[in-house]
Amino acid sequence: AQLVESGGGLVQPGGLLSLFCTAPVSISSFYFMGWYRQAPGKQRELVATISRGGITNYADFVKGRSTISRDSTNNTVYLQMNSLSPEDTAVYYCTANFLTWGQGTQVTVSS
């Protein structure tokens with residue numbers, strides 16, 4: 001199953017970001033869906049996950065300013081982040097069960 005991310009781009013510091021991850025199959029077939037990110041020169045790191053039952057988990061650096069959600073009708077997982085800073089600049093990847101990955105979407109936070 002190929003996951004497709006969208007919604008990245010250039011965002012002003014302090015701004016809001018909405019990312020979308022669409023799967024070609026029912027996302028209910030995956031126990032976990034999640035978002036990771038990889039900044040230049042750094043390892044890929046977890047941003048947030050959501051289970052089939054809707055249980056969410058967030059990395060400390062996005063707690064309180066990020067929401068992950070899933071829409072089984074549209075086979076889409078969403079990630080919203082606010083209060084963005086240049087440190088949030090990275091390629092954001094969607095994953096299903098930590099085994100299937102999308103190609104990533106670039107997010108650049110800059111004025």
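These values consider heavy atoms only, across backbone and side chains, with no hydrogens, waters or symmetry-generated copies. Keep in mind that this is a model prediction, so the values were computed, not measured.
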Side-chain heavy-atom pair Phe32, Thr95 within 4.5 angstrom cut-off: no
Distance, nearest 0.5 Å, that separates CD1 of Ile27 from CG of Asn74: 9.0 Å
Nearest atoms (heavy-atom pairs only) where Trp101 meets Gln2: O-NE2, 3.7 Å
Between CG on residue Asn97 and OH on residue Tyr31, distance to nearest 0.5 Å: 10.0 Å
Val109 side chain near Val107 side chain, heavy-atom distance below 4.5 Å: yes
Donor on one side chain, acceptor on other, Gln80 and Ser18, under 3.5 Å: yes
Distance-minimising heavy-atom pair for Gly8 and Leu19: N-CD2, 3.6 Å
Non-hydrogen side-chain atoms of Ser26 and Asn75 separated by less than 4.5 Å: yes
Tyr92/Arg37 under side chain to side chain donor-acceptor pair (under 3.5 Å): CA gap, chis, key distance, verdict: CA-CA 4 Å; Tyr92 284 71; Arg37 72 184 188 183; 3.0 Å; yes
N/O donor-acceptor pair under 3.5 Å between Arg70 side chain and Val77 backbone: no
Side chain to side chain contact (heavy atoms under 4.5 Å, CB included) evaluation trace for Leu3 with Tyr93: CA-CA 9 Å; Leu3 305 176; Tyr93 297 90; over 6 Å; no
Validation row: Asn57, Leu46 side chains within 4.5 angstrom (heavy atoms): yes
Reported OG1-to-CD distance for the pair Thr89 and Gln106, which is rounded to 0.5 angstrom: 7.0 Å
Straight-line distance of Ser6 OG to Gln103 CD, nearest 0.5 Å: 13.5 Å
For Ser111 against Pro13, the heavy-atom pair lying closest together: N-CD, 3.6 Å
Heavy-atom pair of closest approach, residues Cys94 and Met33: SG-CE, 4.1 Å
CA sep, side-chain torsions, deciding dist, call: Phe61, Glu87, side chain to side chain contact (heavy atoms under 4.5 Å, CB included): CA-CA 10 Å; Phe61 57 79; Glu87 287 69 35; over 6 Å; no
Hphob cluster co-occupancy, Val91 + Tyr36, side-chain heavy atoms under 4.5 angstrom: yes
4.5 Å side-chain heavy-atom contact, Val11 and Asp88: no
Thr105 side chain reached by Phe20 side chain, heavy atoms, under 4.5 Å: no
Short side-chain to backbone donor-acceptor contact, Tyr58 and Ile68, under 3.5 Å: yes
Distance in Å, Leu84 CG paired with Leu16 CG, rounded so as to fall on 0.5 Å steps: 7.0 Å
Backbone of Asn82 reached by a side-chain donor or acceptor of Arg65 within 3.5 Å: yes
Any donor-acceptor pair under 3.5 Å from Glu5 side chain to Gly104 backbone: yes
Min side-chain heavy-atom separation Trp35-Met81 under 4.5 Å: no
